[in-house]
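Right, one structure below, let's go through it.
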Amino acid sequence: MEPGAITPSGGGDHFAVFTPYYRHWVARNTRGLLKPPERISVPPIASDGLPSPDQLCSGQPSPHLPRGGETAGRRLFGDWLAGPIGDYEQAHDDLAADGTSRLSPYLHFGCISPTGALRAATKSATAGGDAFIRQLAWRDFHHQVLAARPEVATTDYRTRHDHWRCDDTAAQAWRDGRTGYPIVDAGMRQLQREGWMHNRARLITASFLTKTLYLDWRLGARHFFDLLVDADVANNQLNWQWVAGTGTDTRPNRVLNPLRQAERYDPNGDYVRRYLPELQDIPGPAVHQPWKLDRRHRARLDYPDPIIDLRDGADYFRTARDKNR
Ligand SMILES: Cc1cc2nc3c(=O)[nH]c(=O)nc-3n(C[C@H](O)[C@H](O)[C@H](O)COP(=O)(O)OP(=O)(O)OC[C@H]3O[C@@H](n4cnc5c(N)ncnc54)[C@H](O)[C@@H]3O)c2cc1C
């Protein structure tokens, strides 16, 4: 739905809270697919040809990147509709199950149509289909916020007067997936390897950066933007702000505890072992707390101790926010 097409009845040019937006969005989002245009005229563009990839960046492309283009996007969407969408409601937060559509890059680049996705998911008439449609609405929700307040790509939507800490060593450990918290590090390594990260892992890693390390959300958003194949100014910046508590979350001071998140969303540790080869041999949920292994076993691991105590991080954050209120 176009930004600005629905606005709050009480006034204002955009919705600041998702749930009322979603109610209007579902009720009003009824248009069908437009016909493809017969012809597209583009202005003449002077070009010296496209630069080769090695002129743009160094290193080899990861073999785990998704394949681009409309054909790949349509195939993925067809496979998604044929089965997995039915389990989406139960599976979408299960990190190891990888039960989300992975359609985000195709939606971002326009390889598949969000209206087409909405129509097809509606036809699937499952609880999973409804849950999937709700996620598509988040995409439009963030776009209407950014269209109304373009400056929030770089500034707080709702300032909490944060004086973020500066700590280059901690920031680099986070980027490298070497914080010593396996669930955080697995998310960051998935990002490096696939140019994509599971939504639950995005929430955990972003909360860890902003609320445990108390580092500026812009620093995290920039790193995500560099590596994500679905990198999108509206979705990236506003989800970062949502997690940092400077955006549209109605509970801005909640902190996600990575150990509790791991217990809940990766109960057997399979997601962590998939992305952290150095912890491969630790069976079951013990992989989430390698510091609890006996000293001889730990000494053999090429894996750091936690860079911060979780309670210290959360206390620092709460005190800083209280002070700024
Ligand atoms: C810190 C952070 C940064 C993020 N950065 C981006 C980004 O740059 N680009 C991006 O597309 N999404 C971003 N997201 C949202 C979400 O994580 C991804 O859209 C989702 O993980 C993509 O996987 P999927 O296609 O399997 O999603 P599914 O769960 O299958 O959802 C279907 C589609 O709905 C949309 N969607 C789902 N969740 C969200 C959401 N929270 N906000 C907006 N749209 C959503 C996406 O287009 C997605 O493809 C971010 C989330 C967080 C917490």
Side-chain angles (χ1 to χ4, degrees), residues 1 3 18-19 21-22 25 29 66 72-73 76-77 79-81 83-95 97-118 120-121 124 126 128-146 153 174-175 184 187-188 190-191 194-211 215-249 254 256 261 265 271:
M1 185 159 275
F18 176 72
T19 308
Y21 174 78
Y22 178 61
W25 186 92
N29 207 337
L76 185 66
F77 187 48
D79 293 348
W80 169 246
L81 283 175
I85 190 171
D87 298 327
Y88 180 74
E89 201 193 11
Q90 301 88 53
H92 73 277
D93 263 332
D94 179 340
L95 283 160
D98 203 7
T100 68
S101 70
R102 289 193 177 237
L103 287 167
S104 49
Y106 304 97
L107 285 163
H108 169 72
F109 284 108
C111 305
I112 63 165
S113 146
T115 305
L118 170 64
S124 93
T126 57
D130 291 346
F132 176 73
I133 289 170
R134 193 180 162 88
Q135 293 315 110
L136 292 176
W138 271 106
R139 190 174 164 271
D140 284 5
F141 172 72
H142 291 314
H143 279 83
Q144 55 100 46
V145 174
L146 186 67
W174 177 82
R175 287 190 201 98
V184 174
M188 299 307 292
Q190 179 176 29
L191 176 63
E194 299 174 10
W196 186 86
M197 197 197 293
H198 192 288
N199 179 61
R200 176 54 50 185
R202 295 188 203 206
L203 293 166
I204 297 170
T205 53
S207 173
F208 187 81
L209 186 85
T210 54
K211 289 175 170 169
L215 298 178
D216 194 333
W217 63 265
R218 278 158 283 241
L219 184 157
R222 171 168 303 182
H223 181 66
F224 271 34
F225 213 86
D226 280 348
L227 296 189
L228 280 173
V229 284
D230 62 23
D232 179 285
V233 176
N235 289 341
N236 190 51
Q237 313 303 86
L238 287 162
N239 271 296
W240 267 97
Q241 295 226 39
W242 192 88
V243 179
T246 60
T248 57
D249 187 6
R254 78 173 105 188
L256 300 185
Q261 293 282 309
Y265 301 113
Y271 175 76

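Hydrogens, waters and symmetry mates play no part in the numbers below; they use all other heavy atoms, side chains included. We count ligands from 1, going down the list as the structure has it; atoms in each ligand are counted the same way.
In terms of protein heavy-atom proximity, atom 22 (C) of ligand 1 is closest to S104 OG, 3.2 Å. Distance from atom 9 (N) of ligand 1 to its nearest protein heavy atom, with residue and atom name: D230 O, 2.9 Å. Nearest protein heavy-atom neighbour of atom 15 (C) of ligand 1: N239 ND2, 3.5 Å. Ranking protein heavy atoms by distance to atom 43 (C) of ligand 1, first place goes to N235 OD1, 3.4 Å. Scanning all protein heavy atoms for the shortest distance to atom 36 (N) of ligand 1 gives Q135 O, 3.4 Å. Ranking the protein heavy atoms by distance from atom 13 (C) of ligand 1 puts R202 NH1, 3.3 Å first.
Considering each of G99, A117, A221, S101, the one bringing a non-hydrogen atom nearest atom 27 (O) of ligand 1 is S101. Among V243, I204, N236, D140, the residue whose heavy atom sits closest to atom 5 (N) of ligand 1 is N236. Compare R139, H143, M197 by their heavy atoms: the one nearest to atom 44 (N) of ligand 1 is in R139.
Put simply, no part of Y106 is less than 4.0 Å from ligand 1, judged by heavy atoms.
In this structure, the separation between CH2 on W217 and NZ on K211 is 13.5 Å, given to the nearest 0.5 Å. Put simply, CG on N199 and CG on L203 are 4.5 Å apart, with the number rounded to the nearest 0.5 Å. Between L228 atom CG and M197 atom CE the span is 7.0 Å, to the nearest 0.5 Å. Here the CE atom belonging to M1 is positioned 12.5 Å from the CG atom belonging to L136, to the nearest 0.5 angstrom.
By the 4.5 Å heavy-atom criterion applied to side chains, W196 and P66 are not counted as neighbours. The shortest side-chain heavy-atom distance between D140 and Y21 falls under the 4.5 Å cut-off. The shortest distance between side-chain heavy atoms of R222 and D216 does not fall below 4.5 Å.
Put simply, the residue from N236, T246, D249, T248 that forms a side chain to side chain donor-acceptor pair (under 3.5 Å) with Q241 is T246.
Listed by number with element, the atoms of ligand 1 under 4.0 Å from a non-hydrogen atom of L103 are 25 (O), 49 (O). The distance from ligand 1 to the heavy atoms of A231 drops below 4.0 Å at these ligand atoms: 8 (O). Residue R102 approaches ligand 1 through these ligand atoms, each under 4.0 Å from one of its heavy atoms: 24 (P), 25 (O), 26 (O). Taking a cut-off of under 4.0 Å to the non-hydrogen atoms of N199, the atoms of ligand 1 that pass are 16 (C), 17 (O), 21 (O), 51 (C). In the vicinity of H142, heavy-atom distances shorter than 4.0 Å reach the ligand 1 atoms 42 (N), 43 (C). Annotation for ligand 1: atoms under 4.0 Å from non-hydrogen atoms of Y88 are 28 (P), 29 (O), 30 (O), 31 (O).
When heavy-atom distances to ligand 1 are checked against a 4.0 Å cut-off, L107 comes that close only through its side chain, counted from C-beta outward. If you look at F132 next to ligand 1, the close heavy atoms, those under 4.0 Å, all belong to the side chain. Only the side chain of L228 comes within contact range of ligand 1, with a heavy atom under 4.0 Å; no backbone atom does. At a heavy-atom cutoff of 4.0 Å, ligand 1 is contacted by no atom of H92, backbone or side chain. Neither the backbone nor the side chain of W242 has any atom closer than 4.0 Å to an atom of ligand 1 (non-hydrogen atoms only). Contacts between W196 and ligand 1 below 4.0 angstrom, taking non-hydrogen atoms only, involve the side chain exclusively.
Using modelled atom types, no side-chain atom of H223 and backbone atom of L219 make a donor-acceptor pair closer than 3.5 Å. Put simply, the side chain of H143 never gets that close to the backbone of N235: no donor and acceptor are under 3.5 Å apart. Of the possible polar contacts, one joining the S207 side chain to the L256 backbone as a donor-acceptor pair under 3.5 Å is found.
In this structure, R202 is not positioned above the aromatic face of W240 in the sense of NZ or CZ being under 6.0 Å from the six-membered ring centre and within 45° of the axis.
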Intermediate values then yes/no, side-chain contact (heavy atoms from CB on, under 4.5 Å), Y271 and D94
CA-CA 9 Å; Y271 175 76; D94 179 340; over 6 Å; no
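Between T100 and ligand 1, a contact under 3.5 Å exists for at least one N or O pair.
The ring of F141 has its center closer than 6.0 angstrom to the ring center of W138.
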